[in-house]
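Each remark here refers to the structure printed beneath this line.
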Amino acid sequence: MRVTTMSSSPLPLPLPPSTTSFTYSRGHHSSSSSNLSMVTNSPSQIQHWGCEDPYQHTSPNPPSKTRTIRYRLSQLCREGQPQIARQLFDSIPRPTTVIWNTIIIGFICNNMPDEALLFYARLKSSSPGTKCDPYTFSSTLKACAETRQLKTGKAVHCHVLRSHLYPSRIVCNSLLNMYATCLSSTDDETGSVDGDYSRYDLVRKVFDTMRKRNVVAWNTMISWYVRTKRCVEAVTHFMMMMKMGIRPTVVTFVNVFPAVSRMGDTKNANVLYGLLLKFGSEHANDLFAVSSAIFMYAELACLGAARKVFEQCLDRNIEVWNTMMGGYVQNNCPIEALDLFVKALESEHTVVLDNVTFLAALTAASQLQQLEFAQQLHAYIIKNSFVSSVIVLNAIAVMYSRCNCIEMSFSVFNRMQERDVVSWNTIVSAFVQNGLDDEGLMLVYEMQKQGFMIDSVTITALLSAASNLRNPETGRQTHAYLLRHGIQFEGMESYLIDMYAKSGLIEAAQRLFDKNCTYDRDQATWNAMIAGNTQNGLTELAFIVFKQMLEENVTPNSVTLASILPACNPMGSMALGKQLHGFAIRNSLDQNVFVGSALVDMYSKLGAITCAENVFAKSPEKNSVTFTNMILGYGQHGIGEKALSLFHSMRESGIKPDAITFVAVLSACSYAGLVDEGLQIFESMEREYRIQPSAEHYCCVVDMLGRVGRVVEAYEFAKELGKEGNLLGIWGSLLAACKIYGEFELGKIVANKLLEMESGNSTAGYHVLLSNIYAEEGNWEFVDKVRKMMQEKGLTKEIGCSWIDIAGYVNCFASRDRNHPQCDEIYEILGELATKMKDTGYRSCLNLQKGWISESEELENLCYDLDDI
DNA sequence: ATGAATATTT
């Protein structure tokens, strides 16, 4: 660390900024890149303040009059009337340095740094005789810092050097602050710093060459280190400063607190807070310090410590309240945040709530996801604030969207007088998150039409929509837009990977994963890749990525587990599933609602319905997915009654079933033959839950009717759906029912409908079914026709396959397969079983009497048929 | 009359 060069340098600031960046204009110079050059266009019309101006004809101004006018100027600026101050200033024929300073400072105080710079330029060009003093320099440098104008700041630096005055400590501090501010934002002129100094060295150099560094200089340095994300250096500087015997101020602590909290250094946080107390009660009671300490502890998730600081502060201002509430919100504790909000309401005689308070409450309400409370809060805000700002309205829209109430969200958006990019992003995301992806995409068009630019948040919403819609076209376009417009790529990887994987383009996802984020892959990126592999059936790859993630010490979260758990099912490995369950328990992730749902699904798909039941019973939190998975499990295990009763208790507990829940419960009814119950539930879908039945639901009902032989009813029902949706499944299950119940005429009608629908290899099964129907009728001519049709289309029926995990080894069985090591034994037992079945009255669907196949073949086919049922 | 600094929606 170099902090020792202060006495060796002859010049206080040996950093002549290059003359090229000296952009202040003197008229004959070209002044291409300077903001100061605007001075030549500045309409310095002399306007009179008031009717009479006592100074209009007096020149030069007498000292006493100067004092009066300076006083009036600063008073106007303090009263927030800089425009009137400007008029007064313009009426003065020859303003003195002090007058110039006053107007410049006045603009800065009124948050008009650009105006301040214009007046500095005017001072330099229109009255070259007027000297600048330390006040001029430090004020102007502040304006440069506020406007992030490094070039202008350098020009002022030059003026300081040329003034041949030894710059005062305050001017040096102002210079340091100007460089530190301009060289820490991301949008500055990176790399354009000339000479041998990198941007960081420049700030260091100014600091190192200062003759006397007081606490302000140190504070500036600490704050600069924190802003440029070098927290270790910030703390090191703090300690060096202490060692040199410089007494820290409140600002020092306010600056250094975020350094330790960002590092997650609770120990040093306690040390620093202890130091703050040690340096006197005026420190501990300072509201800036209290607020910063609360924020620090909240960022470290030490909410107890934060609350203690909060409670110890007796004279809280609104910032302190807001910081504490924000701390709870940040740590996902909406109840505590809202509790505090109520307390703030109760102490309204001591503080006035502002928009930031409402924002914190609204964000907490978004986390709480209780529509009723959301509406109460909304009503309260309407009643108690005169005009809500865009930010507050945006937060209200978010809140309704999180409560799954898109109608309210949209109506808030619709009624907004003024909208910003965040409003648009909010409403687009709201639609996408509530399953209205197409509407979300349309709103992006509208947004662009109204002149708002797509930004990185819009991109994430677009990618989610593309992913939900399985629409790689939209996804690719969005990816291209992102690259073409140079929108920040960081943080986008997981969305892109998810989109490509869900759209079935797993190679593209893998490429992104491999190339674009070889280092610094965040949790979400890993999760997206694991989920992508699982969803595309690449279960082994999913496990490889999961293992890699653990090896690279990335902490898995609930999403990781919920993504990897479904990978156990295709592998049929109960051992893996149990290992993951154990892993979840060890990492205290098993209480999570997503993990619980995934565990229920995993166990029930692996046939361990009792394990699924246990996980379900022990889940502290259950959502519609948890219930749906359990109902699905019961259905698949043929326990229709339990599925139904669980569906009813779900209703009673107030958890809203969704479209998939109905698929689960209807198919459970179907498997268990509970037709009347099923039909009743189907009818309640739209009536009670306002869920429009989709093709899948129709398919369940057709299947349900078909299975019990109510084939004609099923046919009438299927016709109701018209031409929309995935009709293939509906007609397919009807066809199977026709075959089983010998409704051959209807079967043929249905089969021909099916064959009209052109749709890949999935129709192979229907061809087989149709040929079987003809075979049962003995219509061999048509059997042949159908078989030939299949050959022409190149269709082969997919071989059914099943598997079971025994002692860690997955045994796989396929029809006519002879690869299993215990193949002979297996077929022997299968033969025995088939004989027993025949003895007890089982009849093959294929009519053996026609002599179409031999008896031994028929035995084999029996196994094949069993697989089909 | 000049320098350093807390809470904020997608």
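Proteins get letters first, then strands, A, B, ... in listed order; numbering begins at 1 in each. What you see is a predicted model; the values in this text were computed from it and never measured.
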- Query: Can you find an N or O donor on one side and an acceptor on the other, under 3.5 Å apart, linking the side chain of A:S291 with the base of B:dT6?
  - Reply: yes
- Report yes if at least one side-chain N or O of A:N177 is closer than 4.0 Å to OP1 or OP2 of B:dA4; otherwise report no. yes
- Query: Would you say the side-chain atoms of A:R419 pair up with the backbone N or O of A:F413, donor to acceptor, closer than 3.5 Å?
  - Reply: yes
- Task: May I ask you to say what A:I222 touches in the nucleic acid, namely base, sugar-phosphate or nothing, with a heavy-atom cut-off under 4.0 Å?
- Result: nothing
- Query: Within the structure shown, what part of the strands sits under 4.0 Å from A:D455 by heavy-atom distance: base, sugar-phosphate, or nothing?
  - Reply: nothing
- Query: Is the closest side-chain donor-acceptor distance between A:D455 and A:N425 under 3.5 Å?
  - Reply: yes
- Query: With a non-hydrogen cut-off below 4.0 angstrom, is A:T102 in contact with a base, only sugar-phosphate, or nothing?
  - Reply: nothing
- Which listed nucleotide (B:dT9, B:dA1, B:dA7) is nearest to the side chain of A:V422? B:dT9
- Report yes if a donor N or O on one partner sits less than 3.5 Å from an acceptor N or O on the other, where the partners are the side chain of A:S139 and the base of B:dT2; otherwise report no. no
- Message: So is the aromatic ring of A:Y135 stacked onto the base of B:dA1, judging by whether the centres are under 5.5 Å apart and the planes are under 30° apart?
- Response: yes
- Rounded to the nearest Å, what distance is computed from the CD atom of residue A:E418 to the C1' atom of nucleotide B:dT9? 14 Å
- Rounded to the nearest angstrom, tell me the gap between atom CZ in A:F207 and atom P in B:dG3. 19 Å
- Provide, to the nearest angstrom, the distance between the CD1 atom belonging to A:I104 and the P atom belonging to B:dT2. 13 Å
- Within the structure shown, what part of the strands sits under 4.0 Å from A:N317 by heavy-atom distance: base, sugar-phosphate, or nothing? nothing
- Query: Does OP1 or OP2 of B:dG3 have a side-chain N or O of A:R169 closer than 4.0 Å?
  - Reply: no
- Side chain of A:I170 (C-beta onward), nearest among B:dA5, B:dT2, B:dA4: B:dT2
- Nearest-Å distance, CG (A:L176) to P (B:dA4)? 11 Å
- Message: Tell me whether the NZ or CZ atom of A:R204 lies within the 45° cone about the ring axis of A:F207 and under 6.0 Å from its centre.
- Response: no
- Message: For a quick check of understanding: with a heavy-atom distance under 4.0 Å over all strands, which category does A:N214 fall into, base, sugar-phosphate or nothing?
- Response: base
- Task: Just call it for A:N101: base, sugar-phosphate, or nothing, with non-hydrogen atoms closer than 4.0 Å on any strand.
- Result: base
- Matching residue for A:N101 among A:T136, A:T140, A:T96 - test: side chain to side chain donor-acceptor pair (under 3.5 Å): A:T136
- Donor-acceptor side-chain pairing of A:Y328 and A:R307 below 3.5 angstrom: yes
- Per A:N394 side chain, nearest of listed nucleotides B:dA5, B:dT10, B:dT9: B:dT9
- Item | Option from A:K205, A:K154, A:H157 for which side chain to side chain donor-acceptor pair (under 3.5 Å) with A:Y179 holds | A:H157
- Whole-Å gap separating C1' (B:dT10) and CZ (A:F413): 12 Å
- In whole Å, what is the span from the CG atom of A:N322 to the C1' atom of B:dT9? 14 Å
- Message: Need one value for A:T249: base, sugar-phosphate or nothing, where a base atom within 4.0 Å counts as base even if backbone is also close, heavy atoms only.
- Response: base
- Parallel, tilted or perpendicular: which describes the rings of A:Y273 and A:F257, with under 30° parallel and over 60° perpendicular? tilted
- Just checking A:V457: base, sugar-phosphate only, or nothing, at a heavy-atom cut-off of under 4.0 Å? base
- Message: The side chain of A:S292 is closest to which nucleotide in this list: B:dT9, B:dA7, B:dT6?
- Response: B:dT6
- Task: Identify whether any heavy atom of A:S174 sits under 4.0 Å from a base atom; if not, whether one sits that close to sugar-phosphate; answer base, sugar-phosphate or nothing.
- Result: sugar-phosphate
- Round to a whole Å and report the spacing from CZ of A:F137 to C1' of B:dT2. 12 Å
- Message: Counting only side-chain heavy atoms from C-beta out, which of B:dT2, B:dA5, B:dT9 sits nearest to A:S138?
- Response: B:dT2
- Using whole Å, report how far CH2 of A:W218 lies from P of B:dA4. 19 Å
